[in-house]
Structures are given as C-alpha cells and as structure tokens.
Number of protein chains: 2
Amino acid sequence: MISKQEERLEKILSILKLSNPATVNKLAQLLDVSHMTIRRDVEILEKEKRVEVFHGGIMLPDSHRGENWKEYTLADATSIMCEEKKRIGLKAALMLKDNDSLILDTGSTTEYIAQSLNPQYSLSIVCFTLNALINVSKLKKSKIIFPGGYFHRNTLMFESEEGINILKKNRAAFAFVSASGISLSLGVTCSNSYERETKKTIMESSMKKVLVADSSKFDVVHSTYFAELQDFDALITDDGIPDSYRLFCKNNSIELLTV
Amino acid sequence: MISKQEERLEKILSILKLSNPATVNKLAQLLDVSHMTIRRDVEILEKEKRVEVFHGGIMLPDSHRGENWKEYTLADATSIMCEEKKRIGLKAALMLKDNDSLILDTGSTTEYIAQSLNPQYSLSIVCFTLNALINVSKLKKSKIIFPGGYFHRNTLMFESEEGINILKKNRAAFAFVSASGISLSLGVTCSNSYERETKKTIMESSMKKVLVADSSKFDVVHSTYFAELQDFDALITDDGIPDSYRLFCKNNSIELLTV
DNA sequence: AAACTAATGTTAAAATAATAACATTTTAGG
DNA sequence: CCTAAAATGTTATTATTTTAACATTAGTTT
C-alpha cells in the first residue's frame, strides 16, 4: 500500500521539475492541502536531499538538474581574483562584433569570456577545453571548432598533434590567450608542457593576440615558456599590476585595458 | 562610459549563473551595496526578462540557466523507444570489465551507454559527441580521447579528417556502434554522410564490434551506407525485432542480445 | 565651487513566510 | 464501533522580506 504522503512527495517533485523553484503556498494550493502538510513533506524530502529549501521557496538540488556545472568548470566563484577574472572576461567579449572569429585558449579567465559572448552574434569559435566548449555550444548562431585529442582532467584541456593540425588550417581575427606567469625578463609562461604547442599555434593563427590575465600573474614565472609579452597586441588585466608593466605596454605599443 | 549600475547588473547575472537562485541580501553583501540598490537593479533586470523575482529570491529564467541540459543531450525521456534504449545502454555497459577500452559512436543509445559506465573502472574511452563527452568526463578514473573537429549541432557530433587520424592511432577492445537503419539486403545505414568515415574507422580500430539499436531501426534504410550486418560481432536490441534477423544472427554467428 | 540631478542609503511600516503549539480529522487494529 | 495513533489542519507568534517615504551621497552642469 502506497500512502497519501508518498504520493504527494512524488507530486511535489513532479511540480518542481516543471516549475523550479516553487513556494509552499503554491504547492499547498495545487495539492489541495494545508501549508503545514507541505512543510512536513518538504522536510522529509530535504532530509533525503531530494530538494533544497530556502526562505520563500523549495527547489530541486543541482544534481537533479542539468545545473551541476562544478564538473565542467574551472570558474569557481570562491576562487581568488574571481571578480577580476569575470570583469576581464566581459571586457574581452566586448571587443568582438558580429561575424568575428576567435580562438579561446584554456583557463578560467577564458571560460568567463565564453560565458560573456553575445548569443546574437554569428561567431566562429575555436576552443580546447570542456568548460569553454560547454559554454560556446549554447551559442546557436556560432560555428564551433574543437580540435580535440587527449583529455587532461585538471585543466579540462584536450590536446594532440592532429588537433594542432586542425588549428593550423584555421585563422581568427582574435586570439584570447591565458598565462599562469608573466615576467618582463623571462617572458610569458604556463604550467603544463602540453599546452605549449597549442598556445604557440594559436599565436601563429590569429591577427589580434590578446593576453588575458589578472594581476596575480605578474612577476610570476611558471615552468613552460611560450611567448614574450611584446608578442601580444593587447593585454586585459585588472588595475593591480605593477607600474613597470604599464610602462612596458606603452613603450611597445601594446594596448593595455584594465578593468 | 559604463555606469556603476550597468556593471552591477552584469555582476548580478554572473553571480546568479554560479549560484541560482540568490537572495537580495546575499547580492547586497557580495556587491557591497544596500538591499534597496539591489532591489532597484533587480527591478530593471526583471523588466528586461533577464531574471525572475519571487518573494525571497531572484533567479535566472530557465533559458539562461545551466538547467537546460536539453542543450547537451539526445536522450529525451519522452522520445520513442526510450526505455528500450536505456536497457540496451545498460546491457552494453555491462559487457565491460575494469581496464577495458572502448569506442562510443554517436546517438542517443550510445549516450545511455555513457551514462551506464561504471565510475569505478579505469576505462579508455573514445567518443565523438558532446553528449557522450559530458557523461564520460565525469568518470574520474577513465582516460578520455575526443578526436574533435567541426561541430554538427543537430547530432552534437564533432568530426574532421584529423579526428579520423587520431582514431586510427588508437585501438579498442569494444566498439559500440549505432545506426539509423538496418536492412538484410541494403546493409547498415546512418542519416548523415559526415558520419560515414568515422563509423568505418571505428570498425577498423576495434576488436569486438557491437551494434546497438532498438527494434524500430530494423528493416529501415537511411541515406548513408557504412557496413554490412555481418561485419558486427554482436547486436544488442530489444525483443521487438523481426525473426529474420534472429535467424541471420544465428547463421552468421553474430551474438544476439535482446533486453 | 554652487546648484541641481541622479543614484544610493536609511528607516520604519506592511506583507509574507516560517515555526510552534494545539485542535481536528483520518486511519488502522481490536 | 470504538480507541489509539498518525496525519493533517488551525491559529497565534516570530522571523524575514518587501515596500515606501525620506535622507544622504555622488555626479554633472554652469
């Protein structure tokens, strides 16, 4: 025998699937019971982790929706320089106009670019990471090229010799390149040697090369060298960077955008 | 000139992307403004249909959320033969043991295979579609190879000459191949010509070739021919298939698994 | 810099939601 | 059919959120 309550629990979940979140009163009205009954039901569902409750509403937990991004993102709201990265990403996206082509390098900053791209534009986008791919695949009007290869779980990057060959066949108006270290004396570096060939090829295939990096990356050196700062046409960062870099950009006619 | 308010509006949307829904107070605290400022901002966003407001919180409308996982799946619970496909997918996944290698073809049935793979196993997986990739990327112990290339939005498939080359470098114990038509006289067919090269190469690179297809695909022909039924070592389907195929499998020592 | 305007902040009152205690109804067992 | 227990409903209280009116601050113009 199935109890009335069990039936209601399922009905509540069904309702939530269709309109998430819902209020206690709405559920009470729909199921024709008092708000306290709904509260008691919801309490059970919450203990079983089947719903999440907050003041004013009930909703399905992330895991029961498509929303469990955490698996596919490097962009963590609690991470350092998160706000700066978001601003940098937005600034980069705003450089583009309809019908532009771009190459998106790896990293969390470039993920914010992907999130900020205008869905109304018909862009041509090349990218290399699962997090970027998931974001750009939503852009219905844009053409997506994903060179692919072997998966590196920590960076969510795919890379291969053949992927490089696909990249070499393509050209882009813009390349948005990330870095984990930028130094005036030792150049621009990243953390993983497998990134090097891709990054170098990105630079060779694009017209306007834009370095995107928050200020924590400056005067920092990582293991793998892939470019000099003067190889870039523009730099988007936040205003925490040392003055020496401002001067260097001025002297080398690198467009400096601080957000 | 971009106003402070416009900046905040974007920030609010960014925050919502990462934690949906959010309360007015949370936003006020994060953005370091008063709750009234947030309210006035949210009012604007609501008028522009960019957020939805309810007593106790603000959230992104469905279309702007990660919740629309429909973007990344071919497996629609309301589609025909859905239950059969799920059972076929599970049966296929159960053929595997730890440390096995496999190639996952395109389609909704193979998506169910991806969903059914054992996360405890250390598998080596090659796949070609975004929907499969999103599922297998969760398998933390498995190695993922994604040949990549040009994106076809309707099938979520990526394909390219270079992708084929990556595939040729790899071998797998199992290939799970899908089809949109199976006929004794006209062979095994799919709907898109761009799938052909990939499918043929999958067959060449794998030891045990398993055709996965629900019974609605039998005695059906589609535009692109890529294999004969006897090229397969096993067939997983439901028991709605015509007897002629049962006989054919027996005569050609194709292992027939019905679920 | 003064005056004006727009934006933001403060506060208190009103509306809504959550909680708790108790009343009523329903259900199951004898 | 009666009783006890469980489930549900009612009501009052408390907590939270929303609204609205007004005060303050920041930005612009002259």
Side-chain angles (χ1 to χ4, degrees), chain A residues 1-62 64 77 83-84 86-87 90-91 94 238-239 257-259, chain B residues 1-62 64-65:
Chain A
M1 179 63 192
I2 185 164
S3 73
K4 282 189 179 181
Q5 189 180 43
E6 284 170 72
E7 266 183 72
R8 268 202 318 276
L9 296 185
E10 292 309 317
K11 281 183 191 171
I12 288 170
L13 293 174
S14 305
I15 293 169
L16 286 176
K17 269 185 195 162
L18 299 170
S19 86
N20 199 31
T23 66
V24 169
N25 283 339
K26 183 181 176 183
L27 292 171
Q29 202 181 343
L30 280 168
L31 298 178
D32 206 35
V33 291
S34 76
H35 67 107
M36 278 309 299
T37 301
I38 296 294
R39 275 179 206 297
R40 285 162 190 145
D41 290 347
V42 161
E43 203 177 346
I44 295 168
L45 289 170
E46 192 187 19
K47 281 208 183 96
E48 294 172 356
K49 309 275 185 201
R50 300 213 280 169
V51 299
E52 280 170 13
V53 180
F54 53 90
H55 186 105
I58 301 108
M59 59 187 260
L60 296 177
D62 287 357
H64 289 63
E83 286 308 314
E84 286 80 3
K86 281 180 190 170
R87 290 205 303 271
L90 182 61
K91 190 79 179 177
L94 290 175
D238 58 90
D239 37 44
L257 300 167
T258 55
V259 293
Chain B
M1 180 63 192
I2 183 165
S3 73
K4 282 190 178 179
Q5 190 182 42
E6 284 171 70
E7 270 184 67
R8 268 203 318 276
L9 297 185
E10 291 308 316
K11 283 183 191 170
I12 288 170
L13 293 174
S14 304
I15 292 168
L16 287 176
K17 266 188 196 169
L18 300 168
S19 87
N20 200 30
T23 66
V24 169
N25 282 338
K26 184 181 174 183
L27 291 171
Q29 203 181 342
L30 279 168
L31 298 178
D32 206 34
V33 292
S34 75
H35 69 106
M36 276 311 297
T37 301
I38 296 294
R39 271 179 209 295
R40 291 188 267 245
D41 290 347
V42 160
E43 203 177 344
I44 294 168
L45 289 170
E46 193 186 19
K47 279 204 184 101
E48 295 173 355
K49 309 276 183 198
R50 301 215 279 170
V51 300
E52 282 169 11
V53 180
F54 51 90
H55 187 107
I58 300 110
M59 59 186 264
L60 296 177
D62 285 357
H64 290 68
R65 282 219 305 266

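Each chain gets a letter, A, B and so on, in the order the sequences are listed, and its residues count up from 1. As the structure is a computational prediction, the values presented were derived from the model and not from experiment.
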Any chance you could measure [X], atom [atom1], to [Y], atom [atom2], to the nearest 0.5 Å?
{"X": "Glu52(B)", "Y": "Ile58(B)", "atom1": "CD", "atom2": "CD1", "value": "12.0 Å"}
{"X": "Leu27(A)", "Y": "His35(A)", "atom1": "CG", "atom2": "NE2", "value": "13.0 Å"}
{"X": "Glu43(B)", "Y": "Ile38(B)", "atom1": "CD", "atom2": "CD1", "value": "13.0 Å"}
{"X": "Arg8(B)", "Y": "Asp32(B)", "atom1": "CZ", "atom2": "CG", "value": "11.0 Å"}

Grab the [atom1]-[atom2] distance between [X] and [N] for me, whole Å please.
{"X": "Lys26(B)", "N": "dT17(D)", "atom1": "NZ", "atom2": "P", "value": "13 Å"}
{"X": "Ile58(B)", "N": "dT17(D)", "atom1": "CD1", "atom2": "C1'", "value": "11 Å"}
{"X": "Met36(B)", "N": "dA13(C)", "atom1": "CE", "atom2": "P", "value": "17 Å"}
{"X": "Glu43(B)", "N": "dT19(D)", "atom1": "CD", "atom2": "P", "value": "8 Å"}
{"X": "Gln29(B)", "N": "dG9(C)", "atom1": "CD", "atom2": "P", "value": "14 Å"}
{"X": "His55(A)", "N": "dT19(C)", "atom1": "NE2", "atom2": "P", "value": "9 Å"}
{"X": "Ile38(A)", "N": "dT10(D)", "atom1": "CD1", "atom2": "P", "value": "14 Å"}
{"X": "Leu27(A)", "N": "dA17(C)", "atom1": "CG", "atom2": "P", "value": "12 Å"}

Measuring from the side chain of [X] (C-beta onward, heavy atoms only), which nucleotide among [options] has the closest atom?
{"X": "Arg39(A)", "options": "dT18(D), dA17(C), dA20(D)", "result": "dA17(C)"}
{"X": "Ser34(B)", "options": "dT10(C), dG9(D), dT11(D)", "result": "dT10(C)"}
{"X": "Val24(A)", "options": "dT18(D), dT19(D), dA18(C)", "result": "dA18(C)"}

Do Arg40(A) and dG9(D) have a side chain to base donor-acceptor pair shorter than 3.5 Å?
yes

Minimal heavy-atom distance between Ile12(B) and Leu31(B), with the atoms involved, is CG1-CD1, 3.7 Å

Heavy-atom closest pair, residues Pro61(B) and Lys49(B):
CG-O, 3.8 Å

Specify the angle, to 10°, made by the local axes at the two ends of the helix from dA1(C)-dT30(D) to dG30(C)-dC1(D) when five pairs are taken at each end.
30°

Report yes if a side-chain nitrogen or oxygen of [X] is closer than 4.0 Å to either non-bridging phosphate oxygen (OP1 or OP2) of [N]; otherwise report no.
{"X": "Thr37(B)", "N": "dT8(C)", "answer": "no"}
{"X": "Arg8(A)", "N": "dT8(D)", "answer": "yes"}
{"X": "Asn25(B)", "N": "dT16(D)", "answer": "no"}

For residues Val42(B) and Val24(B), determine if any side-chain heavy atom of one lies less than 4.5 Å from a side-chain heavy atom of the other.
no

